[in-house]
Amino acid sequence: MAASKIQALWNHPAGPKTIHFWAPTFKWGISIANVADFSKPPEKISYPQQVAVACTGLIWSRYSTVITPKNWNLFSVNVAMAGTGLYQLARKTRHDYFSEVQEVPAKER
């Protein structure tokens, strides 16, 4: 039973013998790096970078469900990318627009 499952995965059109397996597998590195940046202070988060990560995740998640054969590895990595990108954007937006910043009074001359 297990051998037939492994054989089916190996021979799948999006299996390990194709780029359709390895490209999304290595793309997980972007999502993992984004998760590692959750501990980064919000002021160090880049809007353009996180918009690109989130949009890439959303667009390619949709694409991975309409192509033949369905590539669930591609789908899952892009859902993760969209999720981490949107979370980082929420952190940055919350910090920039909704946090209570106390202004430091200027020194009198």
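This chain uses plain numbering: 1 for the first residue, then up along the sequence.
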If you measure only the distance, is there a donor-acceptor pair under 3.5 Å linking the side chains of S61 and N78? no

For residues N11 and K17, is any side-chain donor paired with an opposing acceptor at under 3.5 Å? yes

Checking Y47 now: which residues fulfil side-chain hydrogen bond (donor to acceptor under 3.5 Å, both in side chains) with it, not counting sequence neighbours? D96

Any donor-acceptor pair under 3.5 Å linking the side chain of [X] with the backbone of [Y]?
| X | Y | answer |
| --- | --- | --- |
| T93 | A90 | no |
| W22 | P16 | yes |
| T56 | V53 | no |
| N71 | L74 | yes |
| R91 | F38 | yes |

How many angstroms lie between atom [atom1] of [X] and atom [atom2] of [Y], to the nearest 0.5 angstrom?
| X | Y | atom1 | atom2 | value |
| --- | --- | --- | --- | --- |
| L86 | L58 | CG | CG | 5.5 Å |
| H95 | I45 | NE2 | CD1 | 9.0 Å |
| S4 | L9 | OG | CG | 11.5 Å |
| S99 | E43 | OG | CD | 9.5 Å |
| Q49 | Q88 | CD | CD | 8.5 Å |
| K40 | S46 | NZ | OG | 8.5 Å |

Are I19 and W60 grouped together when hydrophobic residues (ILVMFWY) are joined by side-chain heavy atoms under 4.5 angstrom apart? no

Quick check: is V79 connected to F26 through a chain of hydrophobic side chains (ILVMFWY, heavy atoms under 4.5 Å apart)? no

Is any side-chain heavy atom of [X] less than 4.5 Å from a side-chain heavy atom of [Y]?
| X | Y | answer |
| --- | --- | --- |
| K27 | M81 | yes |
| K44 | D37 | no |
| K70 | I67 | no |

Students often mix this up, so state it plainly: with edges at 30° and 60°, are the rings of F75 and W72 parallel, tilted or perpendicular? perpendicular

Taking every non-hydrogen atom, the tightest pair across P42 and K92: O-CD, 3.1 Å

